[in-house]
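Fair warning: this is a prediction, and the values are worked out from it, not measured in the lab.
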Amino acid sequence: MEEREYIDLLTLQAGVAEAVADAFPEKLWVKAEIASISVKSNGHCYLELAQSDAMGGVVAKARAVVWRSRYSSLAKEFYDAAGSPMAAGMEILARVSVSYSEVWGFLLTIDAVDAAFTLGQAEKLRRETIERLEKEGLMDLQKELCLPLLPYRLAIISAETAAGLGDFRKHLLENEYGFRFSVTLFQAAMQGAGAPPSIIEALQLIENAAEPFDAVLILRGGGSDLDLACFDDYSLAAAIARCSIPVFTAIGHQRDYHVADMVANTFVKTPTALADLFLDCYISEDQRISSLESALRTAFTARISAMEMRMMAASQAVRTAAIGRLANEEARLGMLEVKIASSDPKEVLKRGFSIITDAAGVKMASATKTRKGDKINVVLPDGRLGCLVEEVEISQIAK
């Protein structure tokens, strides 16, 4: 059997190490994404760096390390500049020494990381996300949804321990007006690479709930720029835009404005301000009802006053008519009394007349029934005369 030429593994590895040392004799800056990062108990920080293609597929990987002697100061420098510690999912620009160990293989030793680059890459990605959402017509979809007049069932997406959630609950549920709300928490990661899929899953659960919600509220509270960079994620923004329920956001501090805020139905700066927004719905309706109550009371009072005035006018008219009628009747009675008085036989006698009655005392109005020899009485003003009829003569008119 023919012997083959060969070299042992150590010789191969040594050759590779020499070639690597010759190819990269100086430190150089490398752009890569942190696939994983772990700080060990001995103080060394181990990373796995990666690069992906346009489709998200990994095209390169490498092990990296920040030795204990440098890690503490490097981590502080990065945090002070970026406002957040290095974490998986970040794209970094690191200054590295390239080496190859016969035992440990290819290794990048990091001694500096440019935090400004990481922030710049996040801002670049944010702009690209906004342009894509605008191109796909997703920026204003949520703005077309209307909040119910009195939103009651509220779905909250937040971390259970988030300070912003506690502020929101206290302000909303312990309000001085006594308004009541139904609040359901859907827990989700609120920072880092795991936040977008976690929040998207919560949105799906809310939309598929047996009893529909009136609004979805995404609460985060404060955080650094890199902590909150997850709210500039395209997939999360698209999910918010396509949600069939109005989505409200309260993410970060006064200065923060994220893509998630842009596509939401409404955004406010803080969780407390978001609680005020929902309280204002009830306060406005309460004021409207109070205004209507006041208007009804005023209209009712005016109506009663008008009716009382009409009743007083009618009463006065009746009183006036009655007084007039009584006056007329009194005048008529007076005339009747005068007439009756003037017809009194005594008054007639006083005027020089006499009254003739038959023997029974019945006033005689005719001579036709009187016969000679009948007794009659002649009543004079000062007495009565008893007479016998001597002669009866009937006038021609009576005949």
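- Connection of Leu279 to Ile156 is established within a shared hydrophobic cluster, with ILVMFWY side chains joined at heavy-atom distances below 4.5 Å, either directly or through further cluster members.
- Both the sub-6.0 Å distance and the 45° axial angle are not jointly satisfied by Arg220 relative to the ring of Phe231.
- Ring planes of Tyr282 and Phe179: tilted class, angle from 30 to 60°.
- Expressed to the nearest 0.5 Å, how far OG of Ser198 lies from CD1 of Ile157 amounts to 8.5 Å.
- Classification of the Tyr257-Phe267 ring pair by plane angle, with boundaries at 30° and 60°, yields tilted.
- Between atom OG of residue Ser182 and atom CG of residue Leu173 there is a gap of 9.5 Å, rounded to the nearest 0.5 Å.
- Classification of Arg132 and Glu128 as a salt-bridged pair fails, no side-chain N sitting under 4.0 Å from a carboxylate O.
- Checking each of Thr272, Asp276, Thr270 against His171 for a side-chain hydrogen bond (donor to acceptor under 3.5 Å, both in side chains) leaves exactly one that passes, namely Asp276.
- Both Ile92 and Val98 sit in one connected hydrophobic cluster of ILVMFWY residues. Membership requires side-chain heavy atoms under 4.5 Å apart, directly or through other members.
- Between Phe213 and Phe186, the ring-plane angle classifies as perpendicular under the 30° and 60° cut-offs.
- The line from CD1 of Ile200 to OG of Ser235 is 4.0 Å long, rounded to the nearest 0.5 Å.
- A 4.5 Å side-chain heavy-atom check between Met86 and Leu74 finds at least one atom pair inside the cut-off.
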